[in-house]
Amino acid sequence: MSKYKIGLFGFGCVGKGLYETLTTNNDLDAEISKICVKNKDKDRSPIASEKFIFSADEILNDDSINIVVELIDDAEAAFEIVTKSLKKGKAVVTANKKMVAEHLPELIALQKEYNTPLLYEGAVCGSIPIIRNLNDYYASEQITEVKGIFNGSSNYILTKLFQEGQSYDEALKEAQENGFAETDPTLDVGGFDPKFKLSIVIQHAFGISVSPEKIFNWGIQNISDEDIRFAKERNLKIKLVAKATAVNGQLSLLVAPHYIDSDNPLYHVENEFNCVLINGKYAHEQTLIGKGAGSLPTGLAVLADVASLTKEYTYNYAESRNLTVQEDLSEVYLRFDDPENVDLSVFENVSEKFVGQKHGYVIGKISLQNLKGILEKAKEGANVIFTSGKSAEIELSKLTYFYA
Ligand code: HSE
């Protein structure tokens, strides 16, 4: 009989990953005692059908269950389960990034009020132990930037587009079949999922809460053959980057595709792998790479949280740094189908402009506000890819090329 009894909500990709990692790991004094699922008719063999229940209360009202693991899809239902569990004094592990990102201040307050821990390593970058490291190791660092590839599905699709010349739809289908994508894959390819993760990372890296709706996100769904050709002709790749940069008391935040050159560690991160680059005053740049999606890698992150709870681990939630969220001017490549739809006068420092018969593009600096206006108006007829203008990434304006 184990000391720690787990009530598990959800038995999808990550739930099965947790089950497998837990049942093949002999070191942990924990066992799954009940699994709450929605569908009564699914065959769950070889797991005994008695383990499966269909009412949340059977876990919430069971005093023998001391750890709740929440791995369902629906963020609002997940929030209800998590809050009820914390209020009942049950320690909780979740991998629901949307739910955590949208409710983090309330979740922090509940943990304090009920003196009950909530851990969510599996919510951010799959198997990469980023939250744990930010909470413990980097608590002594003054972080200036956290950025990277925070979404496995988008990175998988971009890899297939660049390396294998697969179509976008084929690559997305494969990402879904492999269990990487969300049930609604717009969350992945639209840059929402990495935005939720970035919002959680900001809390642990900088001690401030930024609601995800305040972060600009643009995904990979409008990437065209021209954008890919543009990159390939210059030995660049396109990666969906999430980043939070603190400079002089100001924090700029962004989720968007970026052109990346081969000197950048992100260039070499392929398929469902994620990468987190942490820059700080003392240690400077450090890189963490690992599988960002998939049943067993994410199951392991959840298992690691369960193991931590058995050792009474909790997050510290660092003191808030004095930072104001602001929007910078950014250098971007903006591709458009119809120049009539795009007001190019809002660009500053234009370094290149091309207008062809079927498409055109401009490279220059623009505010996020103006960029949002252009993208909203052009709809599917435009795409934006950022360049950082910093030494670690490419400055497109310095490139010379000839367009036939
Ligand atoms: N859909 C997510 C991804 C799963 O592709 O990264 C892991 O959070």
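Both counts, for ligands and for their atoms, begin at 1 and track the order of listing. Note that the coordinates shown come from a computational prediction; the quantities given were computed from them, not determined experimentally.
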Looking at ligand 1, does any of its N/O atoms fall within less than 3.5 Å of an N/O of G152? yes
Should you measure from each heavy atom of K197, which atoms of ligand 1 turn up under 4.0 Å away? 2 (C), 3 (C), 6 (O), 7 (C), 8 (O)
Apply side chain to side chain donor-acceptor pair (under 3.5 Å) to residues Q250 and T324 and explain how you reach the verdict. CA-CA 5 Å; Q250 305 205 301; T324 319; 5.3 Å; no
Give the atom numbers and elements of ligand 1 that come within less than 4.0 Å of a heavy atom of G292. 6 (O), 7 (C)
Numbered atoms of ligand 1 (with element) below 4.0 Å of E182, judged on heavy atoms: 1 (N), 2 (C), 4 (C)
Side-chain H-bond candidate by donor/acceptor type, K291 with N271, under 3.5 Å: no
Heavy-atom pairs closer than 4.0 Å: do any link ligand 1 to the side chain of K97, the backbone, both, or neither? side chain
When only distance counts, is A123 in polar contact with ligand 1, meaning an N/O pair under 3.5 Å? no
Using a 3.5 Å cut-off on N or O atoms only, is N274 in polar contact with ligand 1? no
In chain order, what residues pass the side chain to side chain donor-acceptor pair (under 3.5 Å) check against E270, with sequence neighbours excluded? T159, Q163, K237, K239
Pairs flagged by salt bridge (Lys or Arg N to Asp or Glu O under 4.0 Å) wherever residues 173-185 is involved - sequence neighbours left out: K97-E182, K173-E177
Numbered atoms and elements of ligand 1 in range of F180, under 4.0 angstrom, heavy atoms: 1 (N), 2 (C), 3 (C), 4 (C), 5 (O)
Hey, are D136 and Y313 close enough side-chain-wise for a donor-acceptor pair under 3.5 Å? yes
Flag for Y317-Q111: side-chain donor and acceptor within less than 3.5 Å: yes
Any carboxylate oxygen within less than 4.0 angstrom of a Lys/Arg side-chain nitrogen, looking at R132 and D305? yes
For ligand 1, which part of D188 has a heavy atom less than 4.0 Å away: the side chain, the backbone, both, or neither? side chain
Going by the order shown, which atoms of ligand 1 are within less than 4.0 Å of some heavy atom of S153? 1 (N), 3 (C), 5 (O)
